[in-house]
Amino acid sequence: MSYNLVLNSKNLVTSTQFNNVYQYNFPSGSFTIPEGSEMSINQVTIPYSWRNVTAALGNNTFSYYIPNSSNVQTAYTVTLADGFYTLSDINNALQATMKTNGHYWYDTQAAYSQQFQFTGVITGGNTLTIDAGFKQIQLNIGYVISYIPVGQTAYTTATVTALGSTSGVYTLSSATNTTSTAMVSQLGSEITPSIIYPITLTSSPVLYTNTITSQTIPIVTSIPSVFGSGWINANGQNGQPSWAGGYSTSGNQYASLTFPTTTSTTQTIANILGFSSAGLGTTFYPPQTTTTALQTIANGNSLSAQPPFPPKGTIVNGVIVRCNLVYNNVSIYNDVLDTFPITSTYGSNINYLPISDNFIRIKGGKYSSFTITFNDDNFNNLAILDPTVLIGLIIRFPQ
């Protein structure tokens, strides 16, 4: 005799922290299970909704170091919001922090779309008077004026805040008090310029690891020769932030990453990326050295490196299903009902259908309920975000 039982989100035990325990209550209040009975999973559908990076796991922070204007390597923290991160996502978060801190170079030649040009004079720090030959141009409040002050080579910006009583005269937000040329007026049409960041994370499938590539940090006057004509560091102009800590005055330095203490059994961000906390004999990837190379590369501790330290990508590689009715006296964990691999991408459903006879012995007795618990492959509680599961079970009595 066999019984088919179904559990879903209505069976979730809401008092648990991780949404990973489901309880089935027998309708009649009790159910007698004879000795020699067995249980098997018929099918499981469960959303792949557990994160690989969280503050609770302690793997949501790491730091990058970059030299300041005194040429001292200074730490900046990258904090990841709880979520599921691929290598690309971690790289984007790193570079977003660098963008906020102004740690990048950009191409000024692509910074603005030139809708129309004019010349004029800014006086008193905030009064713009357009030259007579351009009086036909009408500016509105909110227009962004991008202009090059005399004697400089980079654009700076000011915004029209009021219209003057005289034609061609406008009040600006604080501006440089100087005669200006090659002025460009725009209605918020600033184009995102091409950007180069000091650090980039990429994958190296051949080496079974990930790679940190660090660009050289040239002195200001050498930036065009390294990155090309028109490239400058973020310096507060063209709508860009200023380089936090000030720009290095000693060339050929590098930015580098550091990670929390990491071993093969921890769950830090370095475990996900495949880097130990002692990189290349130092605590930095790449080492904080001075070199004339345009970039330097640091590979993680792959399976071929010493010590082997492959990237994990996620802290969960499979799911263990446990049931308090199960009894397996040859296992340390004697309540394991079944296991299944993760066969889908994050955010989609994992569908598990056993391909063999997976019946497991269960304890005889009279029960009012039983529980199903989901663990990761290390028997940790699986922190499930979406509890809309469907679990099909079969209880089989002895013949």
Do the side-chain N and O atoms of Asn351 and Thr45 include a donor-acceptor pair separated by under 3.5 angstrom?
-> yes
4.5 Å side-chain heavy-atom contact, Pro67 and Ile217 = yes
Any donor-acceptor pair under 3.5 Å linking the side chain of Gln95 with the backbone of Ile199?
-> yes
Would you check, one step at a time, whether the test side chain to side chain contact (heavy atoms under 4.5 Å, CB included) holds for Ile372 with Leu7?
-> CA-CA 9 Å; Ile372 295 292; Leu7 293 81; 4.2 Å; yes
Between Ser173 and Thr159, is there a donor-acceptor pair closer than 3.5 Å when you use the side chain of the first and the backbone of the second?
-> yes
Joint hydrophobic cluster, Val53 plus Phe84, side-chain heavy atoms closer than 4.5 Å = no
Sub-4.5 Å side-chain heavy-atom contact between Leu172 and Thr161 | no
Would you say the side chains of Asp338 and Tyr352 form a donor-acceptor pair under 3.5 Å?
-> yes
Between side-chain atoms of residues 16-23 and protein atoms elsewhere (two or more places apart, or another chain), which donor-acceptor pairs fall under 3.5 Å?
unit_1	atom_1	unit_2	atom_2	d
Thr16	OG1	Val13	O	2.8
Asn19	ND2	Ile384	O	3.1
Asn20	ND2	Phe374	O	2.9
Asn20	ND2	Asn381	OD1	3.0
Tyr22	OH	Pro387	O	3.2
Gln23	NE2	Asn25	OD1	2.8

Determine yes or no for a side-chain-to-main-chain donor-acceptor pair under 3.5 angstrom, with Ser331 supplying the side chain and Asn328 the backbone.
-> no
Heavy-atom donor-acceptor pair, Asn334 side chain to Tyr327 backbone, under 3.5 Å | no
Can you tell me if Asn59 and Thr268 form a side-chain donor-acceptor pair at under 3.5 Å?
-> no
Would you please classify the geometry between the Phe370 ring and the Phe26 ring as parallel, tilted or perpendicular, with 30° and 60° separating the classes?
-> tilted
Sub-4.5 Å side-chain heavy-atom contact between Thr262 and Gln267 = no
Distance-only polar pair, side chains of Ser248 and Asn71, donor-acceptor under 3.5 Å = yes
Got a donor-acceptor contact below 3.5 angstrom from the Ser344 side chain to the Asn349 backbone?
-> yes
Asn235 and Ser242: side chain donor to acceptor below 3.5 Å = no
Show your working on side chain to side chain contact (heavy atoms under 4.5 Å, CB included) between Gln73 and Gln253 and close with a plain yes or no.
-> CA-CA 9 Å; Gln73 291 280 350; Gln253 297 189 73; 4.0 Å; yes
Go through Tyr346 and Tyr48 one step at a time and tell me if the ring pair (Phe, Tyr, Trp, His ring centres under 6.0 Å) criterion holds.
-> CA-CA 5 Å; Tyr346 186 75; Tyr48 187 1; 5.4 Å; yes
With a 4.5 Å limit on heavy-atom distance, are the side chains of Asn271 and Ile315 in contact?
-> no
Are Leu257 and Phe275 side-chain neighbours, meaning at least one heavy-atom pair lies under 4.5 Å?
-> no
Any side-chain donor-acceptor pair under 3.5 Å between Tyr85 and Asn91?
-> no
Just say parallel, tilted or perpendicular for the rings of Tyr247 and Trp105, cut-offs at 30° and 60°.
-> perpendicular
Could you tell me whether the side chain of Thr209 and the main chain of Pro205 form a donor-acceptor pair under 3.5 Å?
-> no
side-chain hydrogen bond (donor to acceptor under 3.5 Å, both in side chains) partners of Asn375, counting only residues at least two apart | Arg322
Could you check Leu94 against Phe62 for side chain to side chain contact (heavy atoms under 4.5 Å, CB included), going step by step and ending with a plain yes or no?
-> CA-CA 9 Å; Leu94 166 64; Phe62 62 99; 4.1 Å; yes
Hey, could you give me each pair passing side-chain hydrogen bond (donor to acceptor under 3.5 Å, both in side chains) that has a residue in residues 386-399? Not counting sequence neighbours.
-> Glu38-Arg396, Asp386-Thr388
Only one of Gln240, Met98, Gln215 forms a side-chain contact (heavy atoms from CB on, under 4.5 Å) with Tyr104, so which one is it?
-> Gln240
Single-linkage hydrophobic cluster, 4.5 Å side-chain cutoff, Leu294 and Tyr285 together = yes
Are Val316 and Trp50 close enough, and set up right, to give a side chain to side chain contact (heavy atoms under 4.5 Å, CB included), and what steps lead you there?
-> CA-CA 9 Å; Val316 182; Trp50 42 91; 3.6 Å; yes
Would you sort out whether Tyr3 and Phe31 count as a ring pair (Phe, Tyr, Trp, His ring centres under 6.0 Å), showing the intermediate values?
-> CA-CA 12 Å; Tyr3 297 90; Phe31 185 71; 5.3 Å; yes
Has the side chain of Asp89 got a donor or acceptor atom that lies under 3.5 Å from a matching backbone atom of Thr86?
-> yes
Are Ile320 and Ile350 grouped together when hydrophobic residues (ILVMFWY) are joined by side-chain heavy atoms under 4.5 angstrom apart?
-> no
Would you say the side-chain atoms of Thr166 pair up with the backbone N or O of Gly164, donor to acceptor, closer than 3.5 Å?
-> no
Considering the options Thr61, Val78, Asn60, Leu80, which one meets the side-chain contact (heavy atoms from CB on, under 4.5 Å) requirement together with Ile269?
-> Leu80
